[in-house]
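First comes the structure, then the notes that go with it.
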Amino acid sequence: MNNQPSTPSSTAAPTSPRKQSETGIMSDFWINSWIKWVILGMAVIIIGYCLPRDTASNYNYEEGRPWNYSLLTAPFDFAVRPDSATVRAAKDSINRIFEPIYERDASADKLLISEVSRRIEESPDVNLSPGERNRLLNAIRRVTEGGIVSPETYADIKAGRLKTVRMIHNNTTVSIPTTNYLSARAAYSRLDSILSDTRYRDAIAAVHLPELLHPNVVLDTVANTRMLEERYRVATASSKVYVKGERIIDRGEVVDGEKILALKSFEAEIAERGTADETSSFIPAFGRILYLLLLFGSLYAFLFIYRRDYFNNPRTIAFLMIIITGFILFGLLMAATFPSGIYLVPFTMVAIISLVFLDSRTAFFSYNVAILGAAIVATFPLEFIFLQWVAGVMAVNSIRELSKRSELIRTALLVFGAYSVSFVAMEIIQSGSLAHLSVRMFGYFAINAVFISFAYILVFVLEKIFGFTSRVTLVELSDINHPLLKELSEECPGTFQHSMALSNLATAAANRIGAKVQLVRAGALYHDIGKLSNPAFFTENQHGVNPHDALDPMQSAKIVIGHVTEGLKRAEKAKLPMVLRDFITQHHGAGTARYFYTTYCNSHPDEIVDPAPFTYPGPNPTSREASILMMADAVEAASRSLSDHSREAIATLVNRIIDTQINEGLHNDSPISFRDIRDIKDTFISRLATMFHGRIPYPEHKKSGTQPPASSPATGQPNDQKQS
């Protein structure tokens with residue numbers, strides 16, 4: 001033990017980086033935690049703000065459906081008000097037959113004649129005798145006495161829309177025909193036709209008569225409005241008045257048109273009376289906020305307990321909260337726009353999209369959160385939740401891997417069927433018959449199904465926004481005509497064949513343990529693209545010449561290990577998703593290039609060999625899929641060197657390679673279980689035994705004088721024999 005005191009500087013030097021690293025980790029932890037809770041708070045605030053604020057009634061009902069509450073009686077006297085359609089129809093009917101009220105402006109005629117006389121006296125251009133002047137004035141008087149109206153009124157008269165008008169005389173309205181009414185222009189034309197002498201026309205022009213012709217029969221707006229309002233009031237008067245304590249509706253009664261009017265009038269009366277004070281309006285709002293907090297809190301708890309990787313990723317949290325919040329808000333909008341419009345919202349898309357990017361359990365839990373959040377505004381919450389739950393179960397179970405458009409169409413049809421059947425079931429339970437079955441609801445379900453078929457577009461948009469990789473993209477990348485895979489098949493045919501064989505082996509294991517099959521398939525195809533930089537330095541691409549024979553084992557190891565970094569560069573250049581780049585860096589993990597390491601150790605027996613130059617950069621696999629690929633890569637490559645392809649020899653090889661990886665701790669960062677490893681081993685053994693199955697030997701033809709049957713051009717074997 002060293003008893004000498006150490007200086008502060010010598011003590012701080014080795015611990016400072018560790019403290020800085022720990023500080024950075026804790027800082028990231030707190031930042032991620034704050035982001036998650038801020039996202040939750042924003043979702044609750046936005047939804048809570050958009051929820052309806054009308055607290056006049058807590059009753060949800062729909063015409064043609066039974067009343068689900070207890071007996072409702074009138075707490076005060078109120079009149080039943082007609083609905084807006086009835087009021088509008090009544091007003092339209094009154095407007096069609098209503099005779100507008102006009103008034104005659106007698107002073108306008110006197111002022112007109114007086115002004116014309118004055119201008120005739122003062123104008124030097126008028127050359128008329130006194131008798132002719134009187135004739136002109138009498139003609140003007142006769143034309144205007146018939147009535148001058150505005151151009152708009154005259155247009156209605158000519159079109160036949162205004163055959164009579166009313167005028168008030170001695171407090172009595174009198175109906176008067178409009179046949180004699182003229183506009184100012186028509187009156188001027190009438191005078192022009194009556195007084196054809198040029199001298200009269202010159203006199204009319206000299207006094208500027210068109211400027212003086214103004215309407216003397218005008219609309220009496222005050223009386224007109226008063227009479228219209230009176231008729232509206234009579235036509236829309238209440239047909240029924242409920243007195244305090246009178247029965248409105250009881251449980252089980254069908255809500256028909258009359259009951260709808262009574263209930264809406266009751267709610268309107270409550271709103272006008274302002275019975276909800278500040279306290280009573282605050283309590284429902286607080287309850288809804290608490291409801292949303294518990295709802296989203298349950299989602300966070302589920303992710304924390306069962307999917308910690310999702311919970312620790314703010315991007316995943318944001319993705320889930322955005323799609324859930326978005327569909328809830330869409331549901332609120334549709335519920336406020338159409339009767340039962342909430343059924344138009346394709347809530348099952350929440351489950352479908354979550355399933356495409358995440359997993360089925362998370363998808364279904366998120367879907368349940370969405371429908372429970374939207375159920376607040378549903379007319380019949382229990383029915384809504386049941387229908388959506390059945391549809392969600394159908395959607396989640398009908399889509400395994402969204403790789404074809406036909407899967408969405410099939411899911412849309414199945415969801416439509418689930419909605420329809422469950423709706424019929426609820427109708428029978430509630431009313432005991434199908435007499436009140438709403439055909440409109442089936443139309444809503446059909447539109448909902450059509451929306452589901454467009455989930456492809458939303459998947460594409462969310463994939464670009466959040467940087468996820470969907471199964472659709474993985475299927476596209478698994479196409480061997482992809483430029484990178486095509487180059488691999490041409491430049492490194494051996495590596496390409498190894499990747500294809502590895503893809504089949506790894507996907508079989510992934511399917512066995514329930515891992516992401518399409519992800520493993522794509523990862524296997526691209527994991528060795530780094531070998532494109534030096535194809536000849538890898539055994540599967542060599543043709544009798546091994547360039548490693550001329551190199552030092554350390555140099556050879558550097559080239560072989562370099563295919564990982566080279567592969568990462570090519571993946572970045574080709575813009576491959578991050579999940580596929582992880583396979584490139586993790587398929588060897590932090591393992592050792594054992595062949596070159598052992599060779600170097602054997603050639604330097606007296607030297608302590610540093611394994612670092614022979615170690616891959618890593619990291620080790622962090623997912624079950626990456627672990628599968630690491631195991632399959634080592635097993636498939638090693639199986640090619642076996643001389644004995646018996647099942648026992650293959651089993652020994654598989655167990656030795658995988659157990660070595662486990663003992664070296666290469667899978668310690670992966671969530672893979674011992675049961676998964678056991679199933680993976682069994683799958684590898686079965687598949688490799690099938691790949692290296694033996695063939696029966698064919699006997700030689702020894703009898704002379706006869707010819708053997710023709711061989712098959714494809715196999716080189718007799719046509720009457722089958723390959724084993």
Side-chain angles (χ1 to χ4, degrees), residues 91-229 231:
K91 289 184 177 180
D92 289 343
S93 177
I94 291 172
N95 291 336
R96 281 195 301 270
I97 64 174
F98 180 73
E99 290 181 338
I101 301 175
Y102 281 75
E103 61 179 346
R104 181 64 181 264
D105 186 2
S107 62
D109 296 340
K110 296 178 180 179
L111 290 174
L112 173 63
I113 299 300
S114 175
E115 182 64 19
V116 171
S117 298
R118 186 185 66 79
R119 292 189 180 188
I120 290 175
E121 292 291 341
E122 295 177 355
S123 176
D125 297 329
V126 176
N127 186 19
L128 295 177
S129 65
E132 290 172 337
R133 292 182 182 182
N134 289 334
R135 182 185 178 193
L136 174 60
L137 294 175
N138 289 332
I140 295 173
R141 188 179 292 109
R142 286 195 303 270
V143 170
T144 57
E145 282 180 351
I148 306 296
V149 295
S150 66
E152 295 79 14
T153 302
Y154 187 69
D156 290 339
I157 293 171
K158 297 297 288 184
R161 293 189 295 268
L162 190 63
K163 296 181 179 180
T164 60
V165 295
R166 285 182 172 270
M167 290 192 178
I168 300 176
H169 182 68
N170 295 329
N171 294 327
T172 304
T173 58
V174 180
S175 181
I176 298 176
T178 60
T179 52
N180 294 327
Y181 290 163
L182 299 173
S183 65
R185 182 188 294 267
Y188 185 82
S189 299
R190 177 73 60 86
L191 282 172
D192 188 66
S193 63
I194 295 174
L195 303 172
S196 57
D197 193 307
T198 306
R199 291 179 301 125
Y200 290 114
R201 293 181 178 179
D202 292 341
I204 291 174
V207 299
H208 302 288
L209 183 62
E211 297 178 359
L212 303 177
L213 288 175
H214 298 293
N216 55 16
V217 177
V218 294
L219 184 68
D220 189 345
T221 55
V222 175
N224 207 62
T225 302
R226 184 176 63 251
M227 183 167 288
L228 265 178
E229 292 295 334
R231 294 195 178 186

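These values consider heavy atoms only, across backbone and side chains, with no hydrogens, waters or symmetry-generated copies. Note that this is a predicted model, so its numbers are computed, not measured.
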**OP:** Verify, without hydrogens or angle tests, whether N216 (side chain) and I148 (backbone) share a donor-acceptor contact under 3.5 angstrom.
**Re:** yes

Original post:
With a 4.5 Å limit on heavy-atom distance, are the side chains of L136 and L195 in contact?
Top reply: yes

**OP:** For T225 and V222, indicate whether the former's side chain and the latter's backbone hold a donor-acceptor pair under 3.5 Å.
**Re:** no

Original post:
Of all heavy-atom pairs between A186 and Y154, which one has the smallest distance, and what is that distance?
Top reply: CB-OH, 3.8 Å

Original post:
Can a salt bridge be assigned to the pair E132 and R135 using a cut-off of 4.0 Å between side-chain N and carboxylate O?
Top reply: no

**OP:** Please round to the nearest 0.5 Å and tell me the distance separating atom CG of D220 and atom CZ of R104.
**Re:** 15.0 Å

**OP:** Flag yes if more than 12 heavy atoms outside R185 fall under 6.0 Å of its CZ atom; otherwise flag no.
**Re:** no

Original post:
Does a side-chain heavy-atom distance below 4.5 Å link Y188 with I204?
Top reply: yes

Original post:
Is a side-chain donor or acceptor of T173 paired with a backbone partner of M167 at a separation under 3.5 angstrom?
Top reply: no

**OP:** Using a 4.5 Å cut-off on heavy atoms from C-beta on, say whether the side chain of E99 contacts that of V165.
**Re:** no

Original post:
Of all residues at least two apart in sequence or in a different chain, which pass the side-chain contact (heavy atoms from CB on, under 4.5 Å) check with E121?
Top reply: R133

Original post:
Rounded to the nearest 0.5 Å, what separation is found between the CD atom of E152 and the CG atom of L219?
Top reply: 11.5 Å

Original post:
Taking all non-hydrogen atoms of both residues, which atom of L213 and which atom of A187 are closest, and how far apart?
Top reply: CD1-CB, 4.4 Å

**OP:** Can you see which heavy atom on V207 is nearest to which on L212, and at what distance?
**Re:** O-CD1, 4.1 Å

Subject >> Closest heavy-atom pair and its distance - T164, S175 >> reply: CB-OG, 3.6 Å

**OP:** Taking all non-hydrogen atoms of both residues into account, name the closest pair between I168 and A223 and its distance.
**Re:** CD1-CB, 4.0 Å

Original post:
In Å, rounded to the nearest 0.5 Å, how long is the span from CZ of R118 to CD1 of I113?
Top reply: 14.0 Å

**OP:** Could you grab the distance from atom CE of M227 to atom CD1 of I94, nearest 0.5 Å is fine?
**Re:** 12.0 Å

Subject >> Inter-residue atom distance I157.CD1 - T178.OG1, 0.5 Å rounding >> reply: 4.0 Å

Subject >> N224 vs F98 side-chain heavy atoms within contact, under 4.5 Å >> reply: yes

Original post:
Distance from I176 atom CD1 to Y181 atom OH, nearest 0.5 Å?
Top reply: 5.0 Å

Original post:
Does D192 have any salt bridge (charged side-chain N to carboxylate O under 4.0 Å, His left out) partners at least two apart in sequence or in another chain, and if so, which?
Top reply: R201

Subject >> Sidechain-backbone polar pair: S123 side chain, A206 backbone, donor-acceptor under 3.5 Å >> reply: no

**OP:** Using atom types as modelled and distance alone, determine if a side-chain donor or acceptor of T144 lies under 3.5 Å from a backbone N or O of I140.
**Re:** yes

**OP:** Taking the side chain as every heavy atom from C-beta outward, state whether S107 and K110 have any pair of such atoms under 4.5 Å apart.
**Re:** no

Subject >> Qualifying residues under side chain to side chain donor-acceptor pair (under 3.5 Å), relative to E145, sequence neighbours excluded >> reply: none

Subject >> Close side-chain approach of Y102 and T153, heavy atoms under 4.5 Å >> reply: yes

